[in-house]
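Worksheet for the structure shown next.
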Amino acid sequence: MKKILTGTALSLAMLGGTAASAEVTYSPTGYLRIGVGESNDGDFAAMQLNDAWTKYRLGNETDFYGELGVNLTNDLANGSKIVGGVRYHLSGDSNDLRVSGEVDANLALREAWLGYAGIGDGALSDSTLWAGRRYYKRKDIHIIDFYYEDYSNFTGFGAGLENVKLGFGDLSVAAFSDQNSKVITLDSRVENIALGQDLFGEVGFAYATVDEDEAGDDGFAIRGHLQRNDFFGGFLKAGLMYSQGAAWGFFGDGAPFASSDRTLTRAQVHGLVPLSERLEMFFVALHQIDDEDGTKTAWSSAGLRPQYTVTDNFAIALEVGFDYVDDELDDDTRDLTKATLAGIYTFGKPGFWSRPQLRAFVTQGSWSEVGAISNQAAFDNDTEGTSVGIQFETWF
């Protein structure tokens, strides 16, 4: 808590100093999901396969989570801008909301940063020089809530120069340290490389150095991404990624435990397409291999979430996801199939991305063996289970 208060005080001091010199425009930003449910007549338990890095989220999120922040923009006389923001998150177990007693919630500072945008002419006209803690160019797959590339620094410090125009793409460079400076990560990427009509590419490289007192070794990560806009009226994103050593996992905080013999290879494709005027479908397919000195754990996942707009105020969504893990360490394979049917009140805002939404859901899951999922205790010795509940979600 002391670090949170210190970070807040520093952030407010910086914002106050900026406000004293010129007019500042503030814009709120936030996210909230909150709900209650039960599984097999007991506490609400998520169904997630062991060694799968995430889960299919519709009707399967057993937490309450919120973010509240303020972004700032200060237009300067020379055409440049001061930009930045502060953001907190609050999270806890949704089962605490079902019974009387103390709610155990976690409060954390996620962003506190400032930048100077438009630092020059030509290639630097749209660039930003920044420093602090921030969400940095995150890439996620919505229906599994998976940030498959995330060089944000949630606990440490970062600084960088982004969006330098090269003619064929936009260059961004940044450096990050974790809270205890165990790992220093240097990241560079070129985005918005035009490859054809509505087709864009991105390449990235990161190098991570680890403190000599840690068990891990210096390492690197390379990434390649494609994005197709207007893909059957929607979009498609694909990526191929490889990391090694302290750069394992594609995180801004790095992996101080990972030796040069630890690698992670990840491939994914996902997107959203309209199938008709009222029907949209999100899809994902993912495969990754975590190789630790020749012993591999492979995770594969595939899923769909079609959503049908009945009226401006009501929609129906069906999410079906399949996860499979081949674990050489335990000489075991396991799988999980999960399906959720949800009725959604849309508050007069139809469409897949429109929020707020209030959902009533029923989720059915089945898995290959007792103990294949992380919350097996909630389902006794069964290899299938059912959850029901309601959830509210919004962002702005």
Can you see whether His225 engages Glu191 through a side-chain donor-acceptor pair at a distance of less than 3.5 angstrom? no

Stepwise, does the side-chain hydrogen bond (donor to acceptor under 3.5 Å, both in side chains) test hold for Thr340 with Thr363? CA-CA 4 Å; Thr340 296; Thr363 296; 2.7 Å; yes

Distance check, rounded to the nearest 0.5 Å: Ser368 atom OG versus Asp335 atom CG? 4.5 Å

Parallel, tilted or perpendicular for Tyr242 and Phe220, by the 30°/60° rule? tilted

Non-hydrogen atoms of Thr311 and Arg278 that approach each other most closely: N-NH1, 4.2 Å

Parallel under 30°, tilted from 30 to 60°, perpendicular over 60°: which one fits the rings of Phe251 and Trp53? parallel

Does a donor on one side chain sit under 3.5 Å from an acceptor on the other, for Gln288 and Asp290? no

In Å and rounded to the nearest 0.5 Å, what is the CG to CG distance from Leu68 to Leu90? 10.0 Å

Does the side chain of Tyr136 come under 3.5 Å of the side chain of Arg138 through a donor N or O and an acceptor N or O? no

Could you walk me through whether Gln227 and Leu236 pass the side-chain contact (heavy atoms from CB on, under 4.5 Å) test, one step at a time? CA-CA 6 Å; Gln227 178 167 338; Leu236 179 144; over 6 Å; no

In terms of heavy-atom contacts, Ala131 and Phe157 come closest through CB-CZ, 4.0 Å

Evaluate Ile193 against Val203 for side-chain contact (heavy atoms from CB on, under 4.5 Å), listing each step before the verdict. CA-CA 9 Å; Ile193 303 171; Val203 293; 4.3 Å; yes

Does a side chain donor of either Trp367 or Gln376 reach within less than 3.5 Å of an acceptor in the other side chain? yes

When rounded to the nearest 0.5 angstrom, what distance separates CG in Leu358 from OG1 in Thr394? 11.0 Å

If the plane angle is over 60° it's perpendicular, under 30° parallel, otherwise tilted; pick one for His270 and Tyr148. perpendicular

Would you say Glu292's side chain and Lys296's backbone share a donor-acceptor pair under 3.5 angstrom? no

Could you pull out the closest heavy-atom pair between Ile344 and Ala317, with the gap in Å? CD1-CB, 3.8 Å

With rounding to the nearest 0.5 Å, note down the distance linking CD in Glu202 to CG in Asn192. 8.0 Å

Just checking, is any N or O donor in the side chain of Asp63 or Ser91 under 3.5 Å from an acceptor N or O on the other one? no

Taking all non-hydrogen atoms of both residues, which atom of Lys349 and which atom of Ser354 are closest, and how far apart? O-CB, 3.0 Å

Step-by-step side-chain hydrogen bond (donor to acceptor under 3.5 Å, both in side chains) determination, Asp323 to Ser301: CA-CA 4 Å; Asp323 289 299; Ser301 186; 2.7 Å; yes

If you count every heavy atom of other residues, nucleotides or ligands that lies below 6.0 Å from Phe232 atom CZ, does the total exceed 12? no

Would a 4.5 Å heavy-atom cut-off, applied to side chains only, mark Leu264 and Gln244 as touching? no

Presence of salt bridge, Lys165 and Asp170, under 4.0 angstrom: yes

Pairing of Lys137 and Glu149 as salt bridge, 4.0 angstrom limit: no

Quick check on the 6.0 Å ring-centre criterion: do Tyr65 and His89 meet it? yes

Centroid separation under 6.0 Å, is that true for the rings of Tyr56 and Phe322? no

Regarding Asp327 and Arg334, does a basic nitrogen lie under 4.0 Å from an acidic carboxylate oxygen? yes

Any Thr297 side-chain heavy atom under 4.5 Å of Asp326 side chain: no

Matching residue for Ile82 among Leu76, Val24, Thr73, Asp75 - test: side chain to side chain contact (heavy atoms under 4.5 Å, CB included): Leu76

Give a yes or no on whether a salt bridge exists between Glu319 and Arg305, defined as a side-chain N under 4.0 angstrom from a carboxylate O. yes

Which heavy atom of Pro350 sits nearest a heavy atom of Thr309, and at what distance? CB-CG2, 3.8 Å

First locate atom OG of Ser300, then atom NE2 of His287, and finally report the distance between them rounded to the nearest 0.5 Å. 4.5 Å

Using only heavy-atom distances, determine whether the side chains of Gln364 and Thr386 contain a donor-acceptor pair under 3.5 Å. yes

Trp299 ring center near Phe146 ring center (under 6.0 Å): yes

Stepwise, does the side-chain contact (heavy atoms from CB on, under 4.5 Å) test hold for Asp93 with Asp104? CA-CA 7 Å; Asp93 186 347; Asp104 185 13; over 6 Å; no

Asp331 CG: over 12 foreign heavy atoms closer than 6.0 Å: no

Taking the side chain from Asp43 and the backbone from Asn95, do they hold a donor-acceptor pair closer than 3.5 Å? no

Taking the ring centre of each residue, are Phe257 and Trp248 less than 6.0 Å apart? yes

Just do the side-chain contact (heavy atoms from CB on, under 4.5 Å) check on Arg189 and Leu171 with the steps written out, would you? CA-CA 6 Å; Arg189 63 187 71 199; Leu171 171 68; over 6 Å; no

Determine, step by step, whether Phe250 and Tyr151 satisfy the ring-ring contact (aromatic ring centres under 6.0 Å, His included) criterion, reporting the C-alpha distance in whole Å, the side-chain angles of both residues, the deciding distance to 0.1 Å, and the verdict. CA-CA 7 Å; Phe250 316 102; Tyr151 285 92; 7.3 Å; no

Is it the case that the ring center of Tyr345 lies less than 6.0 angstrom away from the ring center of Phe314? no

Are Asp150 and Ser152 linked by a side-chain donor-acceptor pair shorter than 3.5 Å? yes

Would you kindly check if the NZ (Lys) or CZ (Arg) of Arg134 is within the cone defined by 45 degrees around the ring axis of Trp130 and under 6.0 Å from the six-membered ring centre? yes

Are Glu280 and Tyr308 close enough, and set up right, to give a side-chain hydrogen bond (donor to acceptor under 3.5 Å, both in side chains), and what steps lead you there? CA-CA 7 Å; Glu280 301 169 274; Tyr308 182 76; over 6 Å; no

Below 4.5 Å, heavy atoms only, C-beta onward: do Val190 and Phe168 meet side chain to side chain? yes

Taking C-beta and beyond as the side chain, do His142 and Phe282 meet within less than 4.5 Å on heavy atoms? yes

Which pair of non-hydrogen atoms, one from Asn375 and one from Ala45, has the smallest distance, and what is that distance? CB-CB, 4.1 Å

